[in-house]
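Whatever order the structure lists them in is the order used to number ligands and atoms, beginning at 1. All of these numbers come straight from a predicted model, not from anything done at the bench.
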Amino acid sequence: MKNVAVIGAGTMGNGIAHVFAQYGYKVNLIDIQQASLDKGIATITKNLDRQVAKEILTEAQKGETLGNITTFTSMEEGVKGVELVVEAATENVDLKLKIFKDLDQFTAENVILATNTSSISITQIAAVTNRADKVIGMHFMNPVPVMKLVEIIRGYSTSDEVTNTIMDLSRSLKKVPVEVNDYPGFVANRILMPMINEAIYTLFEGVAGVEEIDTVMKLGMAHPMGPLQLADFIGLDVCLAILNVLHDGFGNPKYAPCPLLVNMVTAGKKGVKSGEGFYSWTHGTKDLVVSNNFKK
Ligand code: CAA
């Protein structure tokens, strides 16, 4: 397999395109807006510069990586001749179902269709195609060029052959693939999101402040960053959406999102992307937010 298409040039899509291109694949990067593609390529270039500065890549390898990426605003054009499509569009179920219906028409029947969804059912996405055995989850972690894990999610009908192909392909990207089954939150978010939710409850109930909670988990459990800071990176709206998937999917009150999280998302405080979450990000670094909601 040498030719892949990546749908979506946002944070996850440009990271996935970067990694495939870095390891010699020809990548067609697709987005509906040329401006999004330009932004995606600018981010890839910045992240390649970071790898050159850290002596992970040479200037020549940076050039080759960028040379492996071609951009498209038409999905039909961009998926022509590829052997694999990795969809990394916005996390919206209706949008993903529409994209997979189209992909099923635009690509030859042997093409594998993967999705980077963090919580939408692979089985549900596969069901809108005529090739459910060739639909699979490839859940990359942010920041994609750095994080080693790819969670490989088998839908109800995903074949062994397709799973093995995608496991091997992930290894060719120098990632560590882990095979899991398709149940709400898969493994990564089934464990991560309740921890983040519990950190928010701990804040909400006045047990401790933002920095205290993050410091306990950072220094006490050797996490690279505290759960509240990580929630700001992931996006509080994304955390809320995933908790709702867990809550609805299992029907268990233990997954109910903390009311503080719901309030913050309703107020537009979505973390780094909106400039404020548990921390303020407006100066490019994290500052503490003094909010009535956080007072003990
Ligand atoms: N998302 C986006 N960017 C991140 C990030 C994250 N989760 N974690 C770190 N970064 C960025 C930092 O902002 C920083 O960017 P700038 O240099 O532009 O400021 C850059 O990565 C380097 O970060 P560090 O200074 O911490 O550098 P480091 O080399 O010491 O560590 C790291 C890098 C290994 C990525 C470390 O920061 C880390 O482990 N972060 C946590 C990563 C993580 O938990 N990712 C999983 C998120 S969950 C997910 O992706 C799946 C989902 O479905 C929700």
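- Remark: ligand 1 atoms within the under-4.0 Å shell around heavy atoms of M147 are 42 (C), 43 (C), 45 (N).
- Note that atom 24 (P) of ligand 1 has no protein non-hydrogen atoms nearby, at separations under 4.0 angstrom.
- Between the side chains of K26 and N68, at least one donor N or O lies within less than 3.5 Å of an accepting N or O.
- Using a 4.0 Å threshold on non-hydrogen atoms, atom 16 (P) of ligand 1 counts as touching the protein.
- Looking at Q22 and Q51, their side chains do bring a donor and an acceptor atom within 3.5 Å of each other.
- In terms of hydrophobic clustering, with Ile, Leu, Val, Met, Phe, Trp and Tyr side chains grouped at heavy-atom distances under 4.5 Å, L192 and F140 are assigned to different clusters.
- Using a 3.5 Å distance cut-off with no hydrogens or angles, the side chains of Y25 and S172 do pair a donor with an acceptor.
- Under the 4.0 angstrom criterion, atom 3 (N) of ligand 1 counts as having a protein heavy-atom contact.
- Protein heavy atoms are found inside the 4.0 Å sphere centred on atom 6 (C) of ligand 1.
- A donor-acceptor pair is defined here as one N or O able to donate and one able to accept, closer than 3.5 Å; such a pair exists between the side chain of D232 and the backbone of Y279.
- Regarding atom 49 (C) of ligand 1, its nearest protein heavy-atom neighbour is M141 SD, 3.8 Å.
- Taking 4.5 Å as the limit, every side-chain heavy atom of V180 sits out of range of all side-chain heavy atoms of R154.
- Contacts between N189 and ligand 1, counted as non-hydrogen atom pairs separated by less than 4.0 Å, involve the side chain only.
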Please report the C-alpha distance between N189 and S119 in whole Å, then the side-chain angles of each, then the deciding distance to 0.1 Å, and finally whether the side-chain hydrogen bond (donor to acceptor under 3.5 Å, both in side chains) criterion is met. CA-CA 8 Å; N189 281 321; S119 63; over 6 Å; no

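- Not a single heavy atom of A188 sits less than 4.0 Å from an atom of ligand 1.
- Residue S118 approaches ligand 1 through these ligand atoms, each under 4.0 Å from one of its heavy atoms: 53 (O).
- Ligand 1 has R50 within reach: a non-hydrogen atom of the residue lies less than 4.0 Å from it.
- Summary of contacts: the protein heavy atom closest to atom 40 (N) of ligand 1 is M225 CE, 3.5 Å.
- One option in N142, V144, V146 has a heavy atom closer to atom 34 (C) of ligand 1 than any other, and that option is V146.
- Remark: atom 27 (O) of ligand 1 lies closer than 4.0 Å to no protein heavy atom.
- Using a 4.0 Å heavy-atom cutoff, M12 is absent from the residues neighbouring ligand 1.
- The protein heavy-atom contact nearest to atom 44 (O) of ligand 1 is L230 CD1, 3.6 Å.
- Remark: atom 13 (O) of ligand 1 lies closer than 4.0 Å to at least one protein heavy atom.
- Closest protein heavy atom to atom 11 (C) of ligand 1: F233 CE2, 4.4 Å.
- Q229 and H223 are not linked by any side-chain donor-acceptor pair at a separation below 3.5 angstrom, with hydrogens and angles left out of the test.
- The pair K101-D104 fails the salt-bridge criterion, with no side-chain N (NZ, NE, NH1 or NH2) lying under 4.0 Å from an Asp/Glu carboxylate O.
- At a heavy-atom distance under 4.0 Å, no atom of V238 approaches ligand 1.
- For atom 30 (O) of ligand 1, no protein heavy-atom neighbour is present inside the 4.0 Å cut-off.
- The closest side-chain donor-acceptor pair between N14 and H18, if any, does not fall under 3.5 angstrom.
- Listed by atom number, the atoms of ligand 1 under 4.0 Å from I234 heavy atoms are 48 (S), 54 (C).
- The contact set between ligand 1 and P224, taken as ligand atoms under 4.0 Å from a residue heavy atom, comprises 38 (C), 39 (O).
- For T115 and T117, the side-chain atoms include no donor-acceptor pair closer than 3.5 Å.
- The pair D94-K98 does not count as a salt bridge, with every side-chain nitrogen at least 4.0 angstrom from each carboxylate oxygen.
- With no hydrogens or angles considered, a side-chain donor-acceptor pair links S118 and E91 at under 3.5 Å.
- Here the protein heavy atom with the shortest distance to atom 21 (O) of ligand 1 is P143 CG, 4.2 Å.
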